[in-house]
Structure formats: structure tokens, C-alpha cells
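This report refers to the structure that appears directly beneath it.
Remember, it's a predicted structure, so these values are computed and weren't measured experimentally. Throughout, a chain's letter reflects where its sequence line sits, starting with A, and its residues are numbered from 1.
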There are 4 protein chains.
Amino acid sequence: MKTPAVQPRKKSTPASNARINDPERTKEDILEIATHAFARDGLTGSRINDIGGLTAASKRMIYYYFENKEGLYRAVLERCYADIRSREEAIGVEDLPPEEALAQLVRLKFTYHMEHPEFVRLVMVENIHQGEHMRYLKEARTRGLFALQQLTRILQRGADSGVFRKDVRPIDVHTSISALCFYNVSNRWTVAHLLEHDMGDVTHAASRREAVVDEILRLCRLKV
Amino acid sequence: MKTPAVQPRKKSTPASNARINDPERTKEDILEIATHAFARDGLTGSRINDIGGLTAASKRMIYYYFENKEGLYRAVLERCYADIRSREEAIGVEDLPPEEALAQLVRLKFTYHMEHPEFVRLVMVENIHQGEHMRYLKEARTRGLFALQQLTRILQRGADSGVFRKDVRPIDVHTSISALCFYNVSNRWTVAHLLEHDMGDVTHAASRREAVVDEILRLCRLKV
Amino acid sequence: MKTPAVQPRKKSTPASNARINDPERTKEDILEIATHAFARDGLTGSRINDIGGLTAASKRMIYYYFENKEGLYRAVLERCYADIRSREEAIGVEDLPPEEALAQLVRLKFTYHMEHPEFVRLVMVENIHQGEHMRYLKEARTRGLFALQQLTRILQRGADSGVFRKDVRPIDVHTSISALCFYNVSNRWTVAHLLEHDMGDVTHAASRREAVVDEILRLCRLKV
Amino acid sequence: MKTPAVQPRKKSTPASNARINDPERTKEDILEIATHAFARDGLTGSRINDIGGLTAASKRMIYYYFENKEGLYRAVLERCYADIRSREEAIGVEDLPPEEALAQLVRLKFTYHMEHPEFVRLVMVENIHQGEHMRYLKEARTRGLFALQQLTRILQRGADSGVFRKDVRPIDVHTSISALCFYNVSNRWTVAHLLEHDMGDVTHAASRREAVVDEILRLCRLKV
DNA sequence: GATGAATGAGTGTTCATTCAT
DNA sequence: TATGAATGAACACTCATTCAT
């Protein structure tokens, strides 16, 4: 979830039992490990023992901070959604012309998915569990609507300036963008086997990204 | 020694619990229950005890016929892919005009995904496991390429008759169709919570299906 | 148990399902496989499935002929004791001078143990089970006493002719012979590791055999 | 913060079932029970459920401390060899005249085997498994060579003082002693049935012990 | 705040055995 | 006589979790 920082990793402090009395860092360490664990093996597939073993903090701390496995999973999910939300809010496409703004939005979203497979996989995991943990997420809902509103404004600006259709529904455009970005990561493995085509390959991904941008633009443009 | 009876097989007693010495029926029963179990809870989340259904006996037969949980999962995955393959091969869109053929293809694919969420979920599960069981599927690869070739022929016919672009790549169209059909089912639960929009709702699904058809046509058409 | 005959093994008959209607051969086949299985892995360690799988006759036949696993084990044990009994009865040492007769007896016994580790291992297995299956053996008891009587006669002849002590008890000599012959095979593996000395090595075995002969002679001789 | 209490450890409550937070005691308890279980029924024949004793909790601790059944078995085997090693090292026969030293050595070894049938049976079990767990024993090898060297010194002293032969090999004497002591316990049950002679009977054992001492002395003495 | 020891319910799997033909 | 299908009890082992310090 976090871009691999250059700052020295934990254990940089001399004493082996470092991080004593730094609960925030302990929590963050656990969350980082747990994110990869849940993204790799899912909720049922991950083992508390493994997560506890990989963390410098002991397994017991998981229960101390997150109550149980499900609590940890929810914290991981929340952290993931918070991360993508903060990214989307930072996107400054409002000043660009509508077509460029839309293209840029799609590019960023596509790239984010490609670079954060853990996010994609966690969303898959949550859907396998029929979204039963979503209700416990504090800010996720507002985040989703925010992204939709952001897109709606772009489409409106395009419609006003005559480059975009007036009859295309933002929810459809939004869903298509999400689907096309998500699928490239989510279904990488089955597609690779069925079509002998690795969507995770960087060359494939780059050309696919532009194809997706093109597809969304064709979907929204008034005239070709 | 044994008179090869002409009488219909034991399958004539549909609802009965009799599974005595009818191995095909026993296997099919297990596969049916296992398909729903794995689709609901994934490979690690499913419990062999639940898969066996109510009888403890059939649970044992899992090991008799499928060796272990993973073998059963593979058989389920294979059955699922075999089913969708046979459907796709039965599609007769070759006689329709290219635009209608493409539209019909998308509609059928969209509908199949909507009506077979267990297929979608099994594919998600397999991707969570990084496709490690795909290699054991016998005919899946040829199936995938078949669908792509089917689409390629339609696009070619459209390009020849001047209604479709010549510069659109079949793999991109194919991926987009799959993504748009898949996402509606796969991400139903998270989207429902984030956007307060249930893609599984029949009304929503119907309008979404036409939106997807439209999007794909706009992607392929030479002129709007 | 049986010296590896040169005669063609089973499956020499063309039809794959050969041995139909040859129950004695079927039983013998099962016993042969079972002997090696029980000798290798013990009673609890052997698997009926394996034994049934290695036999050309099906697993089900084991129950048909031997009732259950324990019945098969008893039959194996009995066959083993019958084999060694027939060998001992065939030994013609009564005509030799006492010292040579005793030496020859020890040599034969030592060699038999070395060449039939399955026998030694089965006896170990039976002792692990505290001899609870011995009672079901029909002729074993008479066999044991026969061997003791055979030795007793030799010792008596030696005592009469003045070469052997009169005060050595046959049971002690018999036990010593058995112990020294048995141990070389039974404890081969632990000794090999503890002393870095492989008693199963043919060179070691040959020199050990003569050492045992010498030891027994020194035990029985009146004068050195 | 915590006053380091001077009060004695929990081991002061010997018979109590309290095994709380006393890992050494817990391990020792498990090993004790497991020793008897493995000695009685072997590795495959023993049931983890039985080994755990009455409490289901201690059953779980097997995996906590010994990883699995095999790990527990190895620990048991190691403990057994460590016990006999410490006994042998404590033997002070170096000051006795050679003949008495040898006699005493044999007596002690014979008695140890008689009084520790579980040791004998564990060695049998390990040989049934072809000594595949011996390699994991830490100190066993040095132990075995120690006993051989102890015997070698006695034989050397005897040879130097003219009471023992110079041409008898220590490895042969050592093997004979082991064989004669081992067999009395290992083959008790089959011999009892075949010869109607219980080597475990105390009277029989006592006379047999002296017979073994005599046999070994006759083997080593220069003149009778 | 932090930890090693302990726990009970349940996991996938294997076993010897029997059924129906 | 012979066999593939079926079975229930038990098996070794793992899980998330809690206790005592």
C-alpha cells in the first residue's frame, strides 16, 4: 500500500527489542505485514501465526490492538481504502480541458491498480466475503461518492463545452473505468493461462492503458 | 453374463438419496455441492464437512474420487470452464450482421455472468490463488482461444463490410467485454456499499447490459 | 521367506486377469507381498491398501481369504515359522562329531538369520505386540521344542564323548545361539549409527559368524 | 516493578495436575508418558490421543514443544539414550581386577536391560524403522563409542596381566554382551511361547544373568 | 505495554472394513 | 470367485484465541 520508502527499515535501532513504547509504529508494522498476508492469501487463507511471526511485535499484540483476526482485516481494508482516497483527492484534473481531464483520470486509475495489486486483491477478497466487512469502514462510503462526483463534474464540463455526450450516465462511465482498470489486475492469472497473454507484463499494460483511455473517450465523446 | 439392460439409468430417481453404486451420479452430486461451496467461501474458506452435504458418507467419497480438497477444487473449476465453453460454442452469431453479432455476443456473455455468479466467484478464487490450478485443466486453454477467435471473425467481417474499425485489436475488445461483464458480478458488494448502487439488481443489470453493448459498439464502430 | 526362484513371476499368462480360479496361488501371492509389508512396516505400520494394491488380486480378496488384517498377519507369521522349521528339520548334523555338529548348527542358524531379515523383523514385530498372536500359531510350539531337542542331543553326545561340559544347560546354549544370531540382524541399524559398524556388511558378517561359532564352542567345551 | 520472588518454583507441588507455565515440567510429563506409549505400541502404533494422557490440553502441547509425532518420538529416543549413557559413565569398574570388572560390567548391563524394557523396546522400534531417526540424535554416537572404549580398556588390562586373550576383538565381545543382554528382553514373548520358558521370570533372569557372565568370561579368558 | 505457555474446537485426511453386484 | 463403490470411526494436526505473569 505504501510506496517502498528508502528510509531504513525497522530494526535500525540497536536494541533488539526496539519499538518499545511506540504503539503507533507497532500497529503500523502489523498492518503492513497483514496487508500483504491478506492480499496474498485472503481472510481465511491467512494465518495469524504467520502474521505474528513476521512482525517484530509478537502475535499477542494483534489481539491487543485489533481484538481478533477480523478486526485486523477490517483495519487493513480501511487503511487500503484510505490510501486510495487520499490519492484521488490529490488528483488535480479540474483545471484540464474535459477530454484531457478524463484521459488523465483513467490513466492514473489504471496505473494505481497496476501498481497496487494488494488493493485489487483485497477488494476481491472482500467481495468473496460479500462485502460483509464494508459496513465497519468509517469513511469509505464518502470516498466512493467523492470519486463519482469528481467524474461527474468532468463529464458535465465536457457536455457543456460540446465535446461529451449529454446522454451518458456518470455511473456507467465510472463503472466502466473501474471495471477496465480492475480486471487487468484481478484476472491476470486466469487470462494468462487461457489466452497465453500476461496482462501484468509492462509492455502489455502500457498499450492496454491507452486502449482503455481510448475506449472511455469513445464512450463519452459526442463525435468521433 | 449380465444382460445389458436397456432400462434408463438410475438417474430416473432424481430426488432420492440413493447413490448406491452409481459413481457418475455420486461424483456429479459432490461436484454440484462443491461448486457452490467453493464459489461461496473459496478454497481455504470451504469446509470439507460442509461440502459433503448432510451425509457423512459422501464426504468420504471426495477422497475416493478426487483424492483431496484440492483435487475436488480442480474438478469443480474444470466443470465450470467446460460449461461456459459449451455455451459459447453453441452461440450462432456467425450468420448475423457484424454489429448485431457483436451486440448479441456481448449480451449473451453479460447475461451468462449475471446468471452464473458461482462461475465469476470461482474465477476470482482462482486468481486469488494466482492461477496455480489452471495448469491442471485439460481443455481450458483451447476454450479461451476459441472465444477470442470467434470474436476476431466478427470483427473481421465488420471491418470488411466497413462498419468496424480496422485498427482495433481483438484482444482489446475481448478483454473489455470480459472486464465489463465480469466486474458487474465480481465487485457487486463493494460497489454496492461505496456507491449505494446494487449492480445485482435486475433493473440496474438490464440497463447496464445495454450500456455495455453500446460501449463495445462505440469501441468498434468506424463512425458513430 | 522364499528363496528368489528363477521361475517366471506372475503375469506370465497372457490374459491380464490371470490366476482366475487358482485360489492357492492367489493366497500365496498375497502372503508373499504381505510378508514383506509386515516385515518392513510392522503390523500397525502396514496398510491393507498397499498390500492389496501390490497384489494382482484385489484388496477385497484379503478379507475373503484371511478375514481381516490380523488374520493375514497371523498367516504370514505362521508361514514364516513353518519355513524355518522345515529348514531346521532338514539339517543333518546328527552324524557329525559333536563339535563339528555344534559349529555347523550355529553357522546355519547365523546364515539363515542373515539371509532372512524378514523373519527376524517379523519376530521383532511380534515381540513388540507381546506375542499376542503366537497362540494362534498351530505348529510353532512343537517346532521350538524340536530345535531345542536337536541341540540337546548334540550337547549330550559331546558330554558323553568328553569334549563338552556336563554342567552347561541346553536352554542357555540355545538362548545364546539365538541371541547372537538374532542380534546381528535385529539391531543392525542402531548399532551402525552408534558404533559406525555395519553388521549387515558381508565381510563383517562372515567374521562375526566365526566369532559366534567360537564363542559357543568355548561355552560348551570342557577344556580350551 | 515486579519483586523477583524468592519463593520456590511450582515444582514443589509434585503430584498436582498444575502444569501452568512450567514448560520443563510440561515437557518432562509428556516425554514420560510418550516413552511408555512408544515403547508399548511403537511409533505408528501409538496414538497421540493416548500419549497426551488424560488431559486434552497436554496433547496440544506435543505440537507446541515437539512439532509433531515424529519429533516427540525422537525426543523420547534421545532421552532414553541419554539415560543409559549417564548410567554407563557412572560405572566405576576401572579399579576392579579385569575379570571382576568384566563380570560386573556384564551384570550391570544385563540388569539395566531387564529393568528397562521400555529402552529395549524403543531400540527395537527404531530398528524396525531402519534407524532413520538415529541421525537426529545429538550425543548418541559419542555415547556408543564410549561404552566400547570402556570395555576395550578392561580387555587390555586383562591381556596385559595375562588373564585375557590377546586375540579377542573388543567389538566382538561388546556385540556379544549387548546381544545376550538385549535378547532376554526383546524376544521374551516369542521364546515364552515357543519354548514354554519365560525369560522375564525373575528366577530365570537371575540364573541367565550368571550364565551370560560366565559365557563372556569364557570368551575372554586365556585359560579355563 | 508486552510475552511465552496453554487451550478447545475443528481441520483435512486415512484407516480397516463392508456393501451390492 | 471376484470387484468397484461405499462407509464410519478415528487419525495426526492446525486454528484463532486466552491465560498468567
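Residues satisfying the salt bridge (Lys or Arg N to Asp or Glu O under 4.0 Å) test with Arg74(C), not counting sequence neighbours, are Glu70(C). In this structure, the side-chain hydrogen bond (donor to acceptor under 3.5 Å, both in side chains) partners of Asn49(A), at least two apart in sequence or on a different chain, are Lys59(A). Residues satisfying the side-chain contact (heavy atoms from CB on, under 4.5 Å) criterion with Ile128(C), sequence neighbours excluded, are Arg121(D), Met124(D), Val125(D). For Tyr64(B), the side-chain contact (heavy atoms from CB on, under 4.5 Å) partners at least two apart in sequence or on another chain are Met61(B). For Phe38(B), the ring pair (Phe, Tyr, Trp, His ring centres under 6.0 Å) partners are Tyr73(B), not counting sequence neighbours. A search for side-chain contact (heavy atoms from CB on, under 4.5 Å) contacts involving Arg79(D) returns Glu28(D), Leu31(D), Glu32(D), Thr35(D), not counting sequence neighbours. Partners of Asp41(D) by side-chain contact (heavy atoms from CB on, under 4.5 Å), not counting sequence neighbours, listed by chain and number: Ser46(D).
Against DNA chain E, the stretch residues 42-51 of chain A makes no heavy-atom approach under 4.0 Å.
The listed nucleotides are dT18(F), dT17(E), dA10(F); the one nearest the side chain of Lys59(B) is dA10(F). The side chain of Arg60(B) sits closest to dG8(F) out of dA2(E), dT18(E), dG8(F).
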Checklist entry - Could you write out DNA chain E as a dot-bracket string, with dots for unpaired bases, | for bases paired across to another strand, and Watson-Crick or G-U pairs counted at under 3.5 Å? => result .||||||||||||||||||||
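Close to dA6(F), at under 4.0 Å from its OP1 or OP2, lies a side-chain N or O of Tyr65(B). Phosphate contact (OP1/OP2 of dA6(F), side-chain N/O of Tyr64(B), threshold under 4.0 Å): absent. Within the structure, a side-chain polar atom (N or O) of Thr26(D) is placed less than 4.0 Å from OP1 or OP2 of dA6(E).
No side-chain heavy atom of Tyr81(B) sits under 4.5 Å from any side-chain heavy atom of Leu122(B).
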